[in-house]
Amino acid sequence: MTVDGGASSAPLIGRGAELRAVEDFLGRARVPGGLMTVHGELGSGKSSLLEEARRTAEAAGYAVLRIRGHRTEAELPGAGLTQLRPIPASPDGGPRATSTAAEALDQHVLPGRPLLVTLDDAQWFDGLSLDALLNARHDAGRGTVALLLASCPVPRRSARHTLEPAPDLVLGPLAMADAERLLRRHGRDLPPLLAERVVRETGGNPAGLVSVARLLQSSPRSAEALLAPRLPLGDALHARVSRLLEGAPGPVRDFLLLAATARTDRLGPLREAARTMGTADHAPEAAEARGLLLRESDRVRFAHPLLRSAVHWDASSAQRRRAHLALAGLDEGGAYQRALHRAVASPVPDEATARELENGVPRGLAEASAVHELAADLSPRPADRARRLVRAAWAAQVRDQTGDLRRLMSRIAALSSAQDSAAVAALDARLAHRSLGGTAHALAPLPRYAEGPASAWPPPALGVLPDLGESPATRALPAQSETLALDGPQPAECPSLVSVLCWTDRTAHADRGRALLATAGAALRQGRFPLDPPRDAALVSVATALDDPRAARHLGGAVLEALTGLGHFGTARTVLAHLQIAHVHLGDRAGVLRDADTGERWSRAADDPHAAAVFRCGVAQVRAWEGAEEGHRALTDGILSFALPRRLPLVAARARWARGLMALSHGRPEDAYEELRMLSDPDGDARHPVVAAWALGDLVAAAVASGRGDDVRDHVRRTAEANRSLRSPPLEHLLARSLALLGDGDGPEELFTRALAVPGAAALRYEQARTRLVFGEWLRRRRRVLEARGQLQQARDTFVSVGADVWVRRADSELLAAGEASASHPSRAMAELGLTPRQAEVARLAADGLSNQGIGWQLGLTHRTVASHLSRVFAKAGVRSRKQLSAVLRK
């Protein structure tokens with residue numbers, strides 16, 4: 001019994017109507033004797049509703065008394081009243097019990113405050129006490145007493161008292177959308193395939209969903225959980241649900257076990273299997289009479305959604321084997337289902353069953369990895385066992401079951417059969433370059449026997465070959481991959497092969513990749529893409545390698561939807577990483593952050609810190625656009641501390657790029673140059689030729705601003721030569737802008753114009769705006785103010801649309817210098833201190849702590865010009881230092 005409040009909790013999900021009904025009851029219950037009853041099956045959330053009612057009542061001025069029924073006291077007359085105070089009760093439930101209960105309640109009534117009594121598990125509150133409590137609520141002499149009861153049905157329960165009220169509220173199962181919301185709260189990191197099963201199998205029961213989700217989150221063996229006939233409930237909930245089976249005879253339990261194990265709910269086949277087990281024919285009717293099963297025509301279902309799990313896990317392993325063997329003898333479900341039942345029941349190796357199981361795995365089966373592993377365990381020969389474990393590993397990879405993939409890799413590596421050394425080495429190489437999960441990597445082809453009967457060969461290569469590790473298996477990978485291609489060389493049009501080739505040498509293989517992208521784009525426009533999502537996913541990687549973000553976005557969106565529909569979340573996660581890169585290039589801030597949120601959630605579910613680091617690179621890039629320095633260093637430090645020791649240059653290079661861009665945007669070109677040169681310098685710790693090309697414009701801008709333009713001329717020249725074969729529009733745009741920044745005279749104007757006219761460059765909104773900004777600055781310095789304003793205003797508008805706040809401020813400064821004040825114009829400082837527009841801009845940046853060189857970078861001035869402006873600002877403001885200037889401007 002408690003009379004005070006408790007800790008607050010998160011709001012209830014899916015119980016809005018019930019909460020409103022409770023609030024209405026509390027509003028009406030200030031007259032004596034108010035009563036509300038709540039019924040619902042075990043686990044439906046009655047206790048949570050009572051707790052929410054308690055908080056609501058206390059907020060409305062009620063005192064609250066909480067009591068509950070106890071199963072062990074259900075048959076002890078008067079036991080419940082002892083929770084009010086230790087008092088004797090009349091054995092016959094006469095006036096003495098009622099008056100004593102009224103007196104006890106009276107002691108808890110406070111002057112001017114009504115009392116709410118909540119009784120949880122009322123079905124276990126003994127009849128005498130409940131009758132007395134119901135009567136006493138009218139007799140409390142000094143205040144108002146309201147009673148809120150919650151109970152659930154008990155099978156075959158006899159009436160123990162006479163005044164049990166009918167329910168006012170009945171808590172049903174949660175709607176599907178509400179169940180998914182609850183799962184996101186308590187099982188956010190569950191793999192998507194397993195999350196879908198949790199929602200489906202718990203049938204909208206809140207307690208079941210929460211308990212199962214928490215239990216599964218602590219287990220890395222997601223594929224094994226998917227293969228289990230029923231998900232485990234957790235000890236505490238299992239014990240509560242199992243009580244529903246108390247007193248059920250053996251034949252009833254046997255039939256319930258069959259029904260819980262079978263993939264059918266048809267009564268006829270279940271009766272046939274029961275006869276095979278020697279179970280009495282009347283067992284279904286007996287289970288129905290006990291309220292355990294419900295029959296609808298020729299089908300049966302469990303009365304409680306969690307009862308299937310309790311039945312399954314209550315049975316011994318021998319009992320479960322008997323049930324599987326009985327079900328294996330049925331014609332129901334086809335050859336695969338029969339083989340699966342025999343495999344689960346088999347105590348010894350069985351090659352015939354293993355072969356039938358392996359060959360019958362349906363396409364897209366969520367638990368395919370566990371089925372292939374089960375087939376491997378049944379294999380008498382080590383070679384067959386290795387082959388089937390390889391198939392299990394591939395199935396685990398495409399479905400993002402990373403914990404299972406690691407475990408399977410260990411099993412395969414432990415096999416010493418010489419004929420399987422190639423498969424072991426190939427898988428070891430895959431693990432090395434996946435590096436804890438492997439988003440944005442080129443996946444080495446596995447042998448043909450590693451993929452399902454209907455899958456495309458080879459599996460998609462989805463990323464960046466330079467992120468391969470340096471293990472012996474990795475160094476030997478090309479030769480092994482060729483050896484493992486059992487049916488001869490790979491076809492030239494294979495997306496996986498082209499993806500690997502493009503990431504290895506994109507200039508040499510650009511034409512082949514573009515031909516595939518053109519074909520896929522035409523198919524997409526005709527509604528015929530993707531035809532084979534696991535195979536076509538590699539095309540998204542090809543698009544990224546060839547600097548075609550629009551193709552990556554269009555093809556990637558279609559492939560991603562298809563892959564998630566198939567449950568291939570491992571491949572889908574890699575496609576999502578390429579989509580995020582495309583959104584970075586397209587200046588889609590919202591898309592980058594949306595991909596990061598989804599990708600990090602999937603990465604946590606797969607226990608894949610590498611993938612999480614990849615998605616954080618996109619966040620770091622967006623924060624650099626915004627100029628949001630707070631936390632940026634810590635974010636990129638975390639990425640680099642993960643990537644550098646593991647030799648993941650793609651991830652490290654993207655983090656360095658984001659750091660360099662942040663330094664550049666805040667007027668620290670020397671720092672920016674030191675970060676960005678690491679992408680192309682032979683000794684750089686994040687050397688990556690593709691990312692170096694993406695960051696070319698920023699490297700040149702930092703070099704020119706820090707007086708190192710000559711240091712990057714050779715790099716720009718080599719990049720231009722490479723682009724003659726690659727013919728990348730984004731790179732052509734950056735090259736023209738870079739050459740303009742490095743040139744002089746009238747040549748830059750032609751180069752800026754050429755950069756803006758590159759086909760497709762308009763889609764690269766952020767880089768296009770950067771080009772317009774520097775072109776506008778160049779025009780303004782040549783006193784072509786009207787032309788400059790046009791370029792600068794377009795740049796500013798684009799920066800606003802992509803959320804590049806720090807660049808908006810720089811565009812504002814240039815517009816101000818061109819004679820066009822923007823919304824951020826510092827008019828107060830100009831008016832009160834008599835500053836010119838340029839002096840006001842210098843004053844603001846100096847007060848923000850920027851050095852003269854940093855201010856010069858922001859405003860396109862030399863540091864000597866900045867010093868001259870600043871001395872005039874100090875004189876007009878009557879100060880001698882930046883610190884004093886900051887105080888004056890804040891007034």
Side-chain angles (χ1 to χ4, degrees), residues 6-7 9-10 40-51 68-74 120-121 123-124 150-155 171 173-174 179 182-183 185-191 194-195 197-248 250 252-254 256-257 259-261 290-292 302-321 323 344 367 370 403-404 605 607:
S9 61
E41 65 186 13
L42 189 154
S44 60
K46 300 179 300 297
S47 297
S48 297
L49 187 67
L50 288 190
E51 183 64 13
R68 69 181 311 121
H70 296 282
R71 192 168 181 273
T72 56
E73 298 177 353
D120 202 0
D121 285 335
Q123 73 275 11
W124 303 124
S151 66
C152 65
V154 179
L171 299 186
L174 292 177
L182 186 63
L183 183 65
R185 177 184 291 177
H186 295 280
R188 179 178 174 84
D189 295 340
L190 279 181
L194 199 51
R197 181 171 177 186
V198 171
V199 171
R200 183 177 66 252
E201 195 162 308
T202 54
N205 184 278
L209 189 147
V210 171
S211 180
V212 173
R214 288 175 174 170
L215 180 66
L216 293 178
Q217 279 202 137
S218 63
S219 171
R221 302 187 66 167
S222 61
E224 182 178 281
L226 285 169
L227 187 59
R230 298 298 155 201
L231 295 175
L233 299 177
D235 292 343
L237 184 59
H238 176 86
R240 293 172 60 197
V241 178
S242 293
R243 289 174 187 151
L244 302 178
L245 299 170
E246 286 184 352
V252 168
R253 286 178 174 265
D254 288 343
L256 291 174
L257 179 59
T261 306
R290 288 180 168 270
L292 301 173
F302 283 82
H304 194 285
L306 307 182
L307 198 52
R308 286 179 181 268
S309 177
V311 167
H312 174 79
W313 295 105
D314 260 359
S316 66
S317 58
Q319 289 171 325
R320 291 198 289 268
R321 280 198 298 271
V344 174
E367 57 266 29
D404 294 298
D607 187 22

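Note that the structure is a prediction, hence the values are computed from the model and not measured.
Here the side chains of V311 and R308 are not in contact, with every heavy-atom distance at 4.5 Å or above. Looking at T261 and V344, their side chains never come closer than 4.5 Å, going by heavy atoms from C-beta outward. Using a 4.5 Å heavy-atom threshold, the side chains of L190 and Q217 count as touching. Here the side chains of L215 and P232 are in contact, with some heavy-atom distance below 4.5 Å.
If you take CG on D120 and CD on E51, they are separated by 10.0 Å, rounding to the nearest 0.5 Å. Residue L307 holds its CG atom at 9.5 Å from CG of D314, rounded to the nearest 0.5 Å. Atoms CG and CZ, from L209 and R200 in turn, are 12.5 Å apart once rounded to the nearest 0.5 Å. Note that CG of L194 and CG of L231 are 6.5 Å apart. Values are rounded to the nearest 0.5 Å. Residue L174 holds its CG atom at 11.5 Å from CG of L183, rounded to the nearest 0.5 Å.
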Practice problem: Determine, step by step, whether R253 and Q319 satisfy the side chain to side chain contact (heavy atoms under 4.5 Å, CB included) criterion, reporting the C-alpha distance in whole Å, the side-chain angles of both residues, the deciding distance to 0.1 Å, and the verdict. | Solution: CA-CA 10 Å; R253 286 178 174 265; Q319 289 171 325; over 6 Å; no
Self-check item: Test side chain to side chain contact (heavy atoms under 4.5 Å, CB included) applied to V252 and L245, step by step
Solution: CA-CA 9 Å; V252 168; L245 299 170; over 6 Å; no
Practice problem: For side chain to side chain contact (heavy atoms under 4.5 Å, CB included), just list the numbers for N205 and H304, CA-CA rounded to whole Å, side-chain angles, deciding distance to a tenth of an Å, and then say yes or no. | Solution: CA-CA 9 Å; N205 184 278; H304 194 285; 3.7 Å; yes
Practice problem: For R240 and L237, run side chain to side chain contact (heavy atoms under 4.5 Å, CB included): C-alpha distance rounded to whole Å, both residues' side-chain angles, the deciding distance at 0.1 Å, then the answer. | Solution: CA-CA 5 Å; R240 293 172 60 197; L237 184 59; 4.1 Å; yes
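Every residue two or more places apart in sequence or in another chain that forms a side chain to side chain contact (heavy atoms under 4.5 Å, CB included) with D121 is listed here: R68, Q123, W124. In terms of the side chain to side chain contact (heavy atoms under 4.5 Å, CB included) criterion, residue partners of V210 (sequence neighbours excluded) are, by chain and number, L182, H186, R214.
Of all heavy-atom pairs between P206 and G43, the closest is CD-O, 3.1 Å. Counting all heavy atoms, side chain and backbone alike, A150 lies closest to K46 at CB-CB, 4.0 Å. The heavy-atom pair separating G203 from P305 by the smallest distance is CA-CB, 4.3 Å. Closest heavy-atom contact between S242 and A310: OG-CB, 3.9 Å.
Side chain of S211 to backbone of L233: a donor-acceptor contact under 3.5 angstrom is found. At least one donor-acceptor pair closer than 3.5 Å links the side chain of R290 to the backbone N or O of G247. Side-chain N or O atoms of S309 include none that pairs as donor or acceptor with a backbone N or O of R230 at under 3.5 Å. The closest donor-acceptor contact from the side chain of S44 to the backbone of E41 lies under 3.5 Å.
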